[in-house]
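Read the structure below first, then the notes.
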There are 2 protein chains.
Amino acid sequence: MSRFKTGEFVAQPGSEILAEGASSTQLYTALEGMGLRYKTLEDGRRQVVGFILPGDFIGLQSGVMGEMKHSVEATTRMTMCVFNRSELWDLFKNHPRRSFGLTHLAASEEFLLGEMLSAVGQMDGIAKIAWVLNRFYKRLTALGLNENDQVPMPYRQQDIADAMGLSLVHTNKTLAKLRVEGFATWSGDTLTVHRPEELAELGYAKGVKPLKRPLI
Amino acid sequence: MSRFKTGEFVAQPGSEILAEGASSTQLYTALEGMGLRYKTLEDGRRQVVGFILPGDFIGLQSGVMGEMKHSVEATTRMTMCVFNRSELWDLFKNHPRRSFGLTHLAASEEFLLGEMLSAVGQMDGIAKIAWVLNRFYKRLTALGLNENDQVPMPYRQQDIADAMGLSLVHTNKTLAKLRVEGFATWSGDTLTVHRPEELAELGYAKGVKPLKRPLI
DNA sequence: CGGGAAGTTGAGCCGCGTCAACCATAGTGG
DNA sequence: CCACTATGGTTGACGCGGCTCAACTTCCCG
């Protein structure tokens with residue numbers, strides 16, 4: 001895969017990596033740091049459509065559909081691996097396994113979005129918050145970033161609110177509820193989960209397994 | 001593409017084509033009729049994650065990830081084109097254009113889900129309903145199924161409610177509002193849109209263009 | 001020490017969910 | 001041919017979860 005790598009790129013916290021509507025000629029894989037995918041509505045509201053963790057691919061839509069359908073922003077400092085879009089073709093022509101992996105990746109994204117849609121559409125406030133915290137905890141644990149039930153959580157409450165379709169105020173109050181009830185504590189940029197099982201149950205997510213993704 | 005076709009399949013209205021969790025060895029393309037994609041939560045609630053129209057691909061997740069992440073149900077009688085999963089490999093190995101098209105398709109699905117998530121997460125009741133009706137109207141018009149501002153609409157109100165995260169009752173009342181205000185009338189299995197522009201505006205969807213998809 | 005960004009908390013209201021009838025249509029069996 | 005039933009649509013009453021507004025508190029960073 002290193003054949004395709006054309007360089008590394010470092011994004012500063014708060015900077016926009018790809019803009020909705022842009023047709024970038026570059027694609028990225030996140031190596032370190034965390035980011036956000038979001039869509040902006042005409043009245044300024046924002047829907048967060050995904051959290052970017054190390055290993056995630058960025059810009060597939062642009063590569064395959066010609067333009068990005070959401071923006072991508074670095075939350076922490078991020079280092080990324082850069083590819084050129086033109087190499088996508090080479091990949092499809094000469095590396096069927098890799099291109100299959102890419103499709104797998106797209107299907108996985110679709111799966112994640114479907115899960116999120118179910119949460120946003122069907123759950124009440126407390127379940128939504130429990131659901132994201134749990135999903136986060138599981139993904140980061142799978143990445144080996146869990147130390148003593150603590151995982152990094154560099155986002156703002158507003159990001160979680162925009163992800164789950166709740167107001168900032170209500171998100172805050174719901175987090176407080178989870179805290180005093182002893183399920184999980186999110187303070188500063190670390191999330192501590194005290195009772196993983198019960199948190200997962202609150203988020204109706206007993207059966208969700210971590211995704212295994214083929215290397216790319 | 002006909003090389004890959006292994007047959008045709010007809011599904012009766014109300015029947016389940018693929019079940020969540022199933023690892024089918026068959027993939028389908030819808031030729032005629034309409035269907036639903038949905039996820040079922042543990043407490044029985046349902047989130048509709050997509051409407052299937054002629055030309056849509058069914059079972060990509062199963063083909064590429066090993067199992068379906070949502071169920072698929074025929075709403076009307078549907079006729080579908082059937083492929084075998086094993087042929088997916090052949091496609092990736094020997095038909096880069098086709099496999100690229102498949103990835104494009106997966107990315108398009110992801111895009112649609114993102115749009116839907118934004119609507120469900122950020123809009124209020126009337127905007128949500130206006131948004132789906134408008135999306136439906138546009139997609140069906142693009143398929144040439146529009147006659148005199150009328151398009152087929154074989155779904156139940158419950159399906160729309162489950163798609164937009166609203167209760168059946170509130171969906172019904174909101175539809176009534178759109179009807180008396182003269183935006184759109186949905187009666188029986190036809191949807192009549194009287195003022196497309198204003199309906200679209202209600203749904204914050206001025207800028208949404210129909211997707212062009214490469215043939216598969 | 002001043003200013004801006006994020007988090008916290010209370011008050012008050014309303015959109016939407018739930019409950020509960022009731023109506024319309026179509027298919028079924030006696 | 002007509003009760004009987006099932007499915008889907010319609011409408012009103014009422015309560016609550018979550019939104020908005022608004023103040024206040026940290027905590028940085030210059």
Side-chain angles (χ1 to χ4, degrees), chain A residues 12-15 36 41 43-48 73-77 119-133 153-181 184-192 202, chain B residues 12-15 36 41 43-48 73 75-76 119-133 153-181 184-192 202:
Chain A
Q12 292 309 313
S15 66
L36 272 183
L41 281 76
D43 60 0
R45 275 174 310 182
R46 198 177 67 136
Q47 174 69 43
V48 169
E73 178 180 304
T75 299
T76 66
R77 196 184 111 104
V120 172
Q122 304 300 326
M123 296 178 181
D124 63 11
I126 196 126
K128 286 183 185 180
I129 300 294
W131 183 87
V132 264
L133 292 188
M153 188 75 177
Y155 301 101
R156 293 168 301 144
Q157 295 187 355
Q158 184 72 64
D159 298 326
I160 302 299
D162 288 344
M164 304 313 292
L166 294 172
S167 72
L168 170 59
V169 173
H170 199 256
T171 300
N172 180 297
K173 289 174 180 169
T174 307
L175 282 167
K177 212 171 286 181
L178 289 176
R179 193 186 318 129
V180 304
E181 308 238 341
T185 303
W186 172 20
S187 165
D189 50 7
T190 43
L191 168 67
T192 310
L202 257 190
Chain B
Q12 292 310 312
S15 66
L36 273 183
L41 282 75
D43 60 0
R45 275 176 308 182
R46 198 177 67 136
Q47 173 69 43
V48 170
E73 177 179 304
T75 300
T76 66
V120 172
Q122 304 300 326
M123 296 178 181
D124 63 13
I126 196 127
K128 285 182 186 181
I129 300 294
W131 183 85
V132 284
L133 292 188
M153 188 74 177
Y155 301 101
R156 294 167 302 144
Q157 295 187 355
Q158 183 72 65
D159 297 326
I160 302 299
D162 288 345
M164 304 313 292
L166 294 173
S167 72
L168 169 60
V169 173
H170 199 256
T171 299
N172 180 295
K173 288 174 180 169
T174 306
L175 282 167
K177 212 171 285 179
L178 288 176
R179 193 187 317 130
V180 304
E181 309 237 342
T185 304
W186 172 20
S187 164
D189 50 7
T190 43
L191 168 67
T192 311
L202 257 190

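Numbered from 1 within each chain, the chains take letters A, B, ... in sequence-line order. This is a predicted model, so every value here is computed, not measured.
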Closest approach of B/Ala184 to B/Leu191 (non-hydrogen atoms, all atoms of both residues): CB-CD1, 4.3 Å
Atom-pair distance (CG on A/Asp124; C1' on D/dG18), nearest Å: 10 Å
Which atom of A/Tyr155 lies closest to which atom of A/Trp186, heavy atoms considered: O-CZ2, 3.1 Å
Axial bend angle, the helix from C/dC1-D/dG30 to C/dG30-D/dC1: five-pair end segments, nearest 10°: 40°
Whole angstrom value for the distance that separates C1' of D/dG9 from CG of B/Leu191: 16 Å
Spacing of B/Lys177 atom NZ relative to D/dT11 atom P, expressed in whole Å: 13 Å
Integer-rounded Å distance: D/dG9 P and B/Arg179 CZ: 11 Å
Range on DNA chain C touched by chain A - first to last nucleotide, heavy-atom distance under 4.0 Å: C/dA6 to C/dA11
Closest approach of B/Gln157 to B/Thr171 (non-hydrogen atoms, all atoms of both residues): O-CG2, 4.0 Å
Main-chain N/O of B/Leu175 paired with B/Asn172 side-chain donor or acceptor, under 3.5 Å: no
Whole-Å distance separating the OH atom of B/Tyr155 from the C1' atom of D/dG9: 19 Å
Nearest atoms (heavy-atom pairs only) where A/Arg46 meets A/Gln158: NH2-O, 3.9 Å
Heavy-atom pair of closest approach, residues B/Leu202 and B/Ala130: CB-CB, 3.6 Å
Check: A/Asp162 main-chain N/O paired with A/Gln47 side-chain donor or acceptor under 3.5 Å: yes
Over 12 non-hydrogen atoms of neighbours within 6.0 angstrom of CZ in B/Arg45: yes
A/Met164 versus A/Ala119, closest heavy-atom pair with distance: CE-CB, 3.8 Å
Value in whole Å for how far the P atom of D/dT10 lies from CG of B/Leu175: 8 Å
Euclidean distance, A/Leu133 CG relative to A/Thr174 OG1, rounded to 0.5 Å: 10.5 Å
Contact residues, residues 157-173 of chain B to DNA chain D [heavy atom, < 4.0 Å]: B/Gln157, B/Val169, B/Asn172, B/Lys173
Side chain to side chain contact (heavy atoms under 4.5 Å, CB included) partner of A/Pro154, the single match among A/Thr190, A/Asp159, A/Thr76: A/Thr76
